[in-house]
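Because the structure is predicted, anything quoted here is derived from the model rather than measured. Each chain gets a letter, A, B and so on, in the order the sequences are listed, and its residues count up from 1.
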Number of protein chains: 2
Amino acid sequence: MDQRSAVTALSALAHDNRLSIFRQLVKCGPSGMTAGNIARDVGIGATALSFHLKELANAGLVHSWRDGRYVRYSIEVEGMRELLSFLTEDCCNGQPELCGTTIKRAQSVCSLQVRDN
Amino acid sequence: MDQRSAVTALSALAHDNRLSIFRQLVKCGPSGMTAGNIARDVGIGATALSFHLKELANAGLVHSWRDGRYVRYSIEVEGMRELLSFLTEDCCNGQPELCGTTIKRAQSVCSLQVRDN
DNA sequence: ACATTAGTTCAATGATCCTTGAAATGATGA
DNA sequence: TCATCATTTCAAGGATCATTGAACTAATGT
């Protein structure tokens, strides 16, 4: 991931409604949700929802597919993982003991955890 | 971390210059950098730098202290960790195998990795 | 005290983003 | 085919954010 893509992804997440949408989809997993159900849960109109979903999709954070009369959206795991990785790249110049002294290591609840690559 | 703080933090990172500043500080570790050196590395003026650092500080992502004639800035590790954790909270409703099948688990290069709490 | 260096605050302008309803598109079932 | 439901696109406005130079505050050394 490059800086430009990272800014796009962060901008996509940096909005109250979009962050709510994103977190709903994180919870929901690969099966995704229909646009209509997202709109209901987040409490916004269809137009606004469509606008925000487009931003998230354009940022590589969600993707969609048609499911009969509905359109389903789900999180783009790889895009999210790349973003988290980018944010922590070269932390303390590869000497984790420098920041590791202040916080505890622990297991992530999810494979979205940052990895070195 | 609540939704409001997360949006503030993401908004702070969602800007080309601020993301550059942030990543410089991530690399640099706890010793931090002077404002002047950040400005030189990122290639922006003092006024703009001050504005952006204020945004990052307000978002809880960096902090600063005076060091003689200079002001040093460094990353706020806990704030960053909270943000990463918030973004992946309840991923796949606690069933990591759902998203874990598509990406490989691996160790983070840094203790900033997401943890379950 | 004064000159110099380092950073921050202020105010105004321009740029970008968000919201809204109305219209358009796509899919289903009778 | 027609009515209906689901979602997207369009266009206009209001709101928010970024940039700039100038003025200001803070620390240092002489």
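- Note on B/A46: a base of the nucleic acid sits closer than 4.0 angstrom, heavy atoms only.
- Between B/E55 atom CD and D/dT16 atom P there is a gap of 14 Å when expressed in whole angstrom units.
- The CD atom of B/Q24 sits 8.0 Å away from atom CD1 of B/I38, with the distance rounded to the nearest 0.5 Å.
- Projected onto DNA chain C by closest heavy-atom contact, A/A14 and A/G68 fall at different nucleotides, the more 5' of which corresponds to A/A14.
- Between A/N17 atom CG and C/dT20 atom C1' there is a gap of 14 Å when expressed in whole angstrom units.
- With distances taken from any side-chain atom of B/R69 to the nucleotides C/dA6, C/dG7, D/dC5, the minimum falls on C/dA6.
- Atom-to-atom, CG of B/L56 to P of D/dA18 comes out at 11 Å; the value is rounded to the nearest Å.
- If you take CG on A/L61 and CD on A/E82, they are separated by 10.0 Å, rounding to the nearest 0.5 Å.
- In this structure, the CZ atom of B/R66 is 7 Å from the C1' atom of C/dA6, given to the nearest Å.
- Residue B/A48 places its side chain closer to D/dT20 than to any other of C/dT9, C/dT19, D/dT20.
- For A/R18, the listed nucleotide lying nearest its side chain is C/dC18; candidates were C/dC18, D/dT7, C/dG7.
- Spacing between atom CD1 of A/I44 and atom C1' of C/dC18 amounts to 11 Å, rounded to whole angstrom units.
- Each of C/dG7, D/dA18, C/dT19 was ranked by its minimum atom distance to the side chain of B/H52; first place goes to D/dA18.
- Among all heavy-atom pairs drawn from A/A12 and A/E55, the shortest one is CB-O, 4.0 Å.
- Taking the side chain of A/T47 as heavy atoms from C-beta on, and the options D/dT28, C/dA22, C/dC10, the nearest nucleotide is C/dA22.
- Following rounding to the nearest Å, A/Y70 (OH) and D/dA6 (C1') show an atom-to-atom distance of 8 Å.
- As judged by a 4.0 angstrom heavy-atom cut-off over every strand, A/R72 is placed among residues making no nucleic acid contact.
- Taking atom CG of B/N37 as the reference point, atom C1' of C/dT5 lies 14 Å away to the nearest angstrom.
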Can B/S20 and B/N17 be said to form a side chain to side chain donor-acceptor pair (under 3.5 Å), step by step?
-> CA-CA 5 Å; B/S20 295; B/N17 289 334; 5.3 Å; no

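- For B/F51, the side-chain atoms get nearest to D/dT19 when compared with the rest of C/dA6, D/dT19, C/dC18.
- B/L53 and B/Y70 are assigned to two separate hydrophobic clusters, defined by single-linkage of ILVMFWY side chains at heavy-atom distances under 4.5 Å.
- Considering only side-chain atoms of B/K54, the nucleotide from C/dT9, D/dT7, C/dC18 that sits closest is C/dT9.
- The CG atom of A/D67 sits 12 Å away from the C1' atom of D/dA6 (whole-angstrom rounding).
- Of the candidate nucleotides C/dT19, D/dT19, C/dT8, C/dT8 has the atom nearest to the side chain of B/Y73.
- If you check every strand for non-hydrogen atoms under 4.0 Å, A/S11 touches nothing.
- Of the listed nucleotides (C/dT8, D/dA27, D/dA18), D/dA18 has the atom at the smallest distance from the side chain of B/H15.
- When the options B/M33, B/H15, B/H52 are evaluated for a side-chain contact (heavy atoms from CB on, under 4.5 Å) with B/I21, the one that passes is B/H52.
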